[in-house]
Amino acid sequence: QVQLVESGGGLVQTGDSLRLSCAASGRAFSSYNMAWFRQAPGKDRDFVSAISWSEDTTYYADSVKGRFAISRDNAKNTVYLQMNSLKPEDTAVYYCAARRRVGDATLPDEYDYWGQGTQVTVSS
């Protein structure tokens, strides 16, 4: 069992940066593959980025490539999402997710544990 708590969201302007954090409790965090998803009002939950348990593989949605960076600190049981050059279309609730299985990292159904989400709002 893993509990996930996101933080770091807020209201920013276009071009600003934010760093989201996801703190995990429970055992064996370092064995979980982690990801960030986001959901805007009235839309599906979309994949943003993922990182493997060993940190050697990362994935990004095309819409955030070159602007966002995912990382993890297994000693602190935390995964991060550095978001730069934010745009109004990045506005959404951002969710952290964890899974042990190996599969398509971009699919929400592949993940077993979810945080409660943190709101990111980018004004134009």
Tell me, do Arg38 and Ser63 make a side-chain contact under 4.5 Å, heavy atoms counted?
-> yes
Heavy-atom count around Asp56 CG within 6.0 Å, excluding the residue itself: above 12?
-> yes
Are Glu110 and Phe47 close enough, and set up right, to give a side-chain contact (heavy atoms from CB on, under 4.5 Å), and what steps lead you there?
-> CA-CA 11 Å; Glu110 289 288 326; Phe47 171 75; over 6 Å; no
Under the 6.0 Å and 45° cation-pi test, does Arg19 pair with Tyr80?
-> yes
Contact check, side chains of Pro88 and Thr14, non-hydrogen atoms, under 4.5 Å = yes
Between Tyr111 and Val93, is there a shared hydrophobic cluster once you connect ILVMFWY residues whose side-chain heavy atoms come closer than 4.5 Å?
-> yes
Apart from Tyr113 itself, which Ile, Leu, Val, Met, Phe, Trp or Tyr residues share its cluster (side-chain heavy atoms under 4.5 Å, direct or through members)?
-> Val2, Leu4, Val12, Leu18, Leu20, Phe29, Tyr32, Met34, Trp36, Val48, Ile51, Tyr60, Val64, Phe68, Ile70, Val79, Leu81, Met83, Leu86, Tyr94, Val120, Val122
Can you establish whether the number of heavy atoms outside Gln3 located under 6.0 Å from its atom CD is more than 12?
-> yes
Kindly give the heavy-atom pair with the smallest separation between Ser85 and Ser17, and that separation in Å.
-> N-OG, 4.3 Å
Spacing of Ser30 atom OG and Asp73 atom CG [to the nearest 0.5 Å] = 11.0 Å
Asn33 meets the side-chain contact (heavy atoms from CB on, under 4.5 Å) criterion, sequence neighbours left out, with Ser52, Trp53, Arg99
May I ask you to say whether Lys87 pairs ionically with Asp90, meaning some side-chain N is under 4.0 Å from a carboxylate O?
-> no
Glu6 side chain vs Cys96 backbone, donor-acceptor pair below 3.5 Å = yes
Report yes or no: does Asp104 contribute a side-chain atom to a donor-acceptor pair with the main-chain N or O of Thr106 at less than 3.5 Å?
-> yes
Could you tell me which non-hydrogen atom of Thr118 sits nearest to which non-hydrogen atom of Gly9, and how far apart they are?
-> OG1-N, 3.2 Å
At their closest point, which heavy atom of Lys76 faces which heavy atom of Thr78, and how far apart are they?
-> O-OG1, 2.8 Å
